[in-house]
Amino acid sequence: MIAAGAKSLLGLSIASPKGLSDSNSMSNSRSVVGARACVSMDGSQTLSHNKNGSIPELKSINGHKGQKQGPLSTVGNSTNIKWHECSVEKVDRQRLLDQKGCVIWVTGLSGSGKSTLACALNQMLYQKGKLCYILDGDNVRHGLNRDLSFKAEDRAENIRRVGEVAKLFADAGIICIASLISPYRTDRDACRNLLPEGDFVEVFMDVPLEVCEARVPKGLYKLARAGKIKVSLEMLLVIVSINENPK
Ligand SMILES: Nc1ncnc2c1ncn2[C@@H]1O[C@H](COP(=O)(O)OS(=O)(=O)O)[C@@H](OP(=O)(O)O)[C@H]1O
Ligand SMILES: Nc1ncnc2c1ncn2[C@@H]1O[C@H](COP(=O)(O)OP(=O)(O)O)[C@@H](O)[C@H]1O
């Protein structure tokens with residue numbers, strides 16, 4: 001179920017994927033189906049508590065570092081803003097948690113098993129004492145992204161927001177598992193580019209459409225094919241997009 005290679009990435013013994021191949025969609029040299037083992041999630045070589053179990057000292061105890069530093073800038077529609085830093089940084093949080101903050105991005109058709117995989121992975125890592133958090137497309141659309149539909153630009157915004165939130169989780173030192181259809185490679189690559197090289201691992205659920213269609217309890221595909229949901233065309237576009245993308 002999980003991409004080949006992700007086993008070694010996560011240091012877990014889980015079954016090899018049946019429905020996943022390395023020659024899939026998402027791949028450029030950095031994409032991870034077959035998740036290249038470039039992220040060490042236990043971080044054991046670099047991150048550790050002190051021998052007495054106490055929390056290591058920080059580099060500085062000045063607290064808020066950026067109060068009077070740096071020019072004001074404009075980012076998007078936000079004017080006169082500045083970046084605030086704190087002496088407690090990502091590296092400190094990672095040391096505290098004894099793990100590496102990163103993003104595991106699970107993409108694939110509805111019914112391909114994204115949420116199931118995300119949850120199984122979360123359970124396994126939890127049992128190993130690793131802190132994860134799942135950002136599931138369905139769930140995020142209940143709150144943060146409830147204003148978004150399934151038209152292409154809203155999907156892009158959905159993914160952009162989740163990518164930004166995932167980046168914050170990774171910065172917090174947490175292993176963030178994002179589980180979204182995310183059909184368009186450009187949107188996924190934009191999320192990848194928010195993180196340092198190697199901190200974004202992509203897993204493509206390469207499950208045949210007919211298998212997904214048979215699994216989906218919500219009957220989305222049926223509705224789409226029957227033209228019974230407004231977004232039926234979009235749904236079919238997603239199918240086409242995912243199926244044609246894998247190069
Ligand atoms: N029209 C249409 N197209 C696709 N998906 C639809 C649609 N309507 C509702 N749903 C359900 O919404 C769930 C979350 O989708 P995502 O946010 O992951 O989609 S996307 O990444 O923005 O493309 C997605 O959840 P999963 O089935 O878990 O993938 C779908 O069940
Ligand atoms: N590897 C698998 N083999 C068989 N059924 C699966 C597998 N993974 C998930 N399922 C089932 O398929 C359905 C859809 O899975 P889900 O994880 O919700 O997919 P997605 O999040 O991609 O829409 C669920 O009923 C789930 O129990």
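In listed order, ligands and their atoms are each counted from 1. Numbers for residues simply follow the sequence, beginning at 1.
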Q: Starting at CD1 of I81, measure out to CG of L72 and round the result to the nearest 0.5 Å.
A: 9.0 Å
Q) Is S112 close to ligand 2, meaning an N/O of one under 3.5 Å from an N/O of the other? A) yes
Q) Do S179 and ligand 1 have an N or O pair less than 3.5 Å apart? A) no
**Q.** Geometric cation-pi criterion R188 and F200, 6.0 Å radius, 45° cone
**A.** no
Q. Among Y221, Y184, F150, whose heavy atom sits nearest atom 2 (C) of ligand 1?
A. F150
Q) Does the distance from a Lys or Arg side-chain N to an Asp or Glu carboxylate O, for D136 and K114, drop under 4.0 Å? A) no
Q) With backbone taken as N, CA, C and O and side chain as the heavy atoms from C-beta onward, which portion of I181 lies under 4.0 Å from ligand 1: side chain, backbone, both, or neither? A) both
**Q.** N or O contact, D136 vs ligand 1, cut-off under 3.5 Å
**A.** no
Q: Name the option, out of G111, G113, A214, that contains the heavy atom nearest to atom 23 (O) of ligand 2.
A: G111
Q.
Given M205, K114, R215, identify the one with the heavy atom nearest to atom 22 (O) of ligand 2.
A. K114
Q. How does L109 reach ligand 2, by side chain, by backbone, by both or by neither, if only non-hydrogen atoms under 4.0 Å count?
A. backbone
Q | E157/R160 ion pair, N-O < 4.0 Å | A | yes
(Q) As an exercise, identify every atom of ligand 2 less than 4.0 angstrom from a heavy atom of S110. (A) 23 (O)
(Q) Just to verify, which of K100, R192, K167 counts as forming a side chain to side chain contact (heavy atoms under 4.5 Å, CB included) with D199? (A) K100
Q. Below 4.5 Å, heavy atoms only, C-beta onward: do N158 and F150 meet side chain to side chain?
A. no
Q. For ligand 1, which part of P183 has a heavy atom less than 4.0 Å away: the side chain, the backbone, both, or neither?
A. side chain
Q: Only heavy atoms count here, so choose which of R155, H142, M205, R141 is nearest to atom 23 (O) of ligand 1.
A: R155
Q.
If I compare all heavy atoms of D147 with all of D154, which pair ends up nearest, and what's the gap?
A. O-OD2, 4.4 Å
Q. Under 3.5 Å, is there a donor-acceptor pair linking the side chains of S182 and D187?
A. no
Q: State the atoms of ligand 1, each with its element, that fall below the 4.0 Å cut-off from a heavy-atom position in S182.
A: 20 (S), 21 (O), 23 (O)
